Amino acid sequence: MIEKIRELCADKPVAIFGTGASGTATKKLLDSLGIESVFYAEANSKKTGEIAGELLQPFDEHTAKNHALVVYSPAFRPDHKWITLAEENGASAVCEADFSALAWRGKIIAITGTNGKTTLTKFITKVLNECGFDAISTGNIGFPLSQYCAEFGSDKNKIAVYELSSFQTSNLKFLKPDILLWTNFAPDHLDWHKDMQEYFQAKNNLLKATKDKVFIGSSVQDFAKSQNITISENVIVLDENNPVPAPTPFDNSIQSRNFNMAIEVGKEFGITKDKFEESAKTFDLPAFRFSTPIEVNQVRFYNDSKATNAHATIGALQELKDENHLIWIGGGKDKNCDLTELVDAICQSAKSAILIGQTAEKLKCMLDGKLSDGVCVCDSMKDAVEKAMSMSKKGSAVLFSPAFSSFGMFSSYSERGKSFKNEVLCLKNLKK
């Protein structure tokens, strides 16, 4: 399909929208093919000025005529004014995640869903490699497929385990996965997508493009039915409501669903369940997922910073619903999602709530008078952790599962998770 890339370029330099990981990976791929490229970035981009020795320039009516192909980062909506301008001037516009598929000859296992994508991507990659296959984890985990294409793109035996967000699949033209795993579906990213229907269709684009087997969680089927959306009869539906027992570290209702879905895709490669169980013994969950807590003076602190939406947090709250004294810490950047189910889950499981971030006051209004030990707002992670400790008693559990993205207070869920961990360790004078 390299010929297709050259055809799309039409002997003109490729316009790259965005100078982050996707943009720089796209340039690496184009450089390997001897194709010239030009970066464009918006004024509020994190990287402005010069990149790779090139001065960034605005994309306008004049520069639009210089390109037959635009490759854009997932941060750009398909209806972004630059993409519209490029298409009006006769150029093809393709998201990096879609474009890179043209330079990849091996199999692609696509993984999408509201939650569970990264854990599943890494675990499946690990099992495949341990069973003699040659697999890489790529995509939304921070390693764009384009950056691997220059070195491995022509290798038919290479398997890309490809994590994909709805931002990357809003408009697909070339990506045709061999297998799709769609973990679940719940409200998220409604600050980016216009509504739940658009969010669903972005992911459904992957299902329509998949060549062979498709595995979906039952919540995907439930939403499709509620919207009268027809899903192929050949899709294999996995029940999310009755998770099966799974080995450590998948031995809770949240992670056992991921383990079960991994086993299903393993069957397509002749890999048995016992191989997954063996591999699980040496698998570490990606950081800041619901897992083993840190204990301070008989109070357990759970760090679930990766819970960037209500669906993930509700799962964590349900996991701890039998705790005698649970304190919930949450809040962050508003995604414009309905919070009714989240508030209900908090009220069912927690005795008190400590709120941070942009949504703190909104949540306080919704929770006031509903929790036996009350609700408070804190301005910093330090204050939130110290407040939780002061409200706790022996045997209490503190769940940090924000339900929102980190922006506004932190640059990423990872930075947020490290901040929580350090403040908890400070309680023990063990800050690292």
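A quick note: this is a predicted structure, and the numbers were derived from the prediction, not measured.
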### Query
Excluding sequence neighbours, so at least two apart, what forms side chain to side chain contact (heavy atoms under 4.5 Å, CB included) with M389?
V296, N297, V299, F301, S392, L427
Show which side-chain atoms of residues 269-276 pair as donor or acceptor with protein atoms under 3.5 Å away, not counting sequence neighbours.
unit_1: T272; atom_1: OG1; unit_2: D274; atom_2: OD1; d: 2.3

### Residues in side chain to side chain contact (heavy atoms under 4.5 Å, CB included) contact with D338, at least two apart in sequence or another chain
T340
Donor-acceptor pairs are to be reported for all side-chain atoms of residues 142-156 against protein atoms at under 3.5 Å, with residues two or more places apart or in another chain.
unit_1: S146; atom_1: OG; unit_2: E96; atom_2: OE2; d: 2.7
unit_1: D155; atom_1: OD1; unit_2: N157; atom_2: N; d: 2.9

### Task
Using salt bridge (Lys or Arg N to Asp or Glu O under 4.0 Å) as the criterion, list what pairs up with E268, not counting sequence neighbours.
K213
### Residue list, side chain to side chain donor-acceptor pair (under 3.5 Å) with D188, at least two apart or on another chain
N309, K335
### Task
Output all residues satisfying salt bridge (Lys or Arg N to Asp or Glu O under 4.0 Å) with D373, sequence neighbours left out; order by chain, then residue number.
none
### Summary
Residues passing the salt bridge (Lys or Arg N to Asp or Glu O under 4.0 Å) test with K203, sequence neighbours excluded, are none
### Query
Who passes salt bridge (Lys or Arg N to Asp or Glu O under 4.0 Å) against K225, sequence neighbours left out?
none
### side chain to side chain donor-acceptor pair (under 3.5 Å): pairs with one or both residues in residues 343-355, sequence neighbours excluded
none
### Partners meeting ring pair (Phe, Tyr, Trp, His ring centres under 6.0 Å) with F223 (sequence neighbours left out)
F185, F200
### T282: partners by side chain to side chain contact (heavy atoms under 4.5 Å, CB included), with sequence neighbours left out
K126, E130
